[in-house]
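Source: prediction; values computed, not measured. Atoms within a ligand are numbered from 1 in the order they appear, just like the ligands themselves.
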Amino acid sequence: MNKPLITTNSLSVHYPLRGKLFGPKPVVKAIDAIDVSIEKGSFFGLVGESGSGKTTLGRALLKAAPVTSGTATYNDGEVEYDLVNMDGDELKEFRKRAQLIFQDPYAALSPRMTVRDIIAEPLEVMGLTRTRDETDERVREIAAKCRLNLEHLRRYPHAFSGGQRQRISIARALVSNPNFIVADESVAALDVSIQADVLNLLRSLSTELSLTFLFISHDLSVVAHTCDHVAVMYLGRLVETAPTRQLFDSPRHPYTRALLSSIPSLDPDDRGNAQKLSGEIPSPTNPPPGCKFHTRCPHAQQRCREEEPTLSATGSDATHASSPGTHRVACHFWKEL
Ligand code: SF4
């Protein structure tokens, strides 16, 4: 087992809202008390519906969302950063080691810059190269790894398809030679055939460059084919985490089961077995008490409405409860279901 690159302990991001002049202000609990451990070199999937807090968690791990409480640590074996309290030079150094790949390859690239300049910009801003020749060499090197045609470096983004634009975004994210990549719905805007191409590229780059990925997606079928571990989020909380195969073979949480059964199947016998998820995800300004999922759970009981379940190991080996390889679930009744 590899050591964790990212570790969080009870990490929360709460946003206060404008409320009445007097009395307590309402708060949006975007993520609440998240304990997660992302192994070095792994492809870690984070799934859930819109509004579950996936993007906020990804941004908090890039120091791009204000953490309210808890801890988050980055440790690549060379350096260790306190992701909650670092600033100044430490933050600048961390930016070289951690990057984001955006969802929309159309909005992420400046239409006024050539592909060469788009990819080179992080090198120039971070001062990673000294001469233009050095910058060009690094741009060509990473463009080739991302399967971009080097003759296209002089063109502008409008000349490219969605898949090619996403490869340009990936090259820009990787040019500073980072270790940790947050890919936020990075294939959601692409056609299915192009998605497979970009996912294969991300997987091969992660192996070739020893990258650690946090891969955020609402699409479990994409996660199944790409990730080593999966964490499922609901209303700002983790409800289940496990190695991908285990999660797909034996999901424990009713929410995970409902998400899995919503994956379209080509088997006609499977089609009637879908467990439909009824209702909408509740507002994070007014989350339900007890288990956050009880308003939509077909198995909810009185205890679920009163007591919030904790994320606990499902196996007998509780000594490794926080290890990324451990199957953990937050449900009072997972054994009976
Ligand atoms: Fe459903 Fe209760 Fe389990 Fe929550 S704790 S998922 S409401 S059975």
Between the side chains of S221 and D219, is a donor N or O closer than 3.5 angstrom to an acceptor N or O? yes
re atom 3 (Fe) of ligand 1, the protein heavy-atom contact at minimum distance is C331 SG, 2.3 Å
Ring centres of F215 and F44 under 6.0 Å apart? no
Show me which atoms of ligand 1 lie under 4.0 Å from any heavy atom of H253. 6 (S)
Would a line drawn from the ring center of F160 to the ring center of H152 be shorter than 6.0 Å? yes
If you scan protein heavy atoms around atom 5 (S) of ligand 1, the nearest is H332 N, 3.4 Å
Under 2.8 Å from atom 1 (Fe) of ligand 1, is there an N/O/S atom belonging to C297? yes
Does the ring centre of H253 sit less than 6.0 Å away from the ring centre of F293? yes
shortest atom 2 (Fe) of ligand 1-to-protein heavy-atom contact is with C304 SG, 2.3 Å
Where is the nearest protein heavy atom to atom 4 (Fe) of ligand 1: which residue, which atom, and how far? C291 SG, 2.4 Å
For N75 and Y81, test the side chains for any donor-to-acceptor distance below 3.5 angstrom and give the result as yes or no. no
Using 4.0 Å as the upper bound for N to carboxylate O, is an ion pair formed by R140 and E137? no
May I ask you to list the atoms of ligand 1 that are less than 4.0 angstrom from any heavy atom of P254? 6 (S)
For H294, counting its heavy atoms only, list the atoms of ligand 1 lying under 4.0 Å from any of them. 7 (S)
Checking heavy atoms under 4.0 Å, the part of Q301 that sits near ligand 1 is neither
Side-chain ion pair, E39 and K3, N-O less than 4.0 Å: no
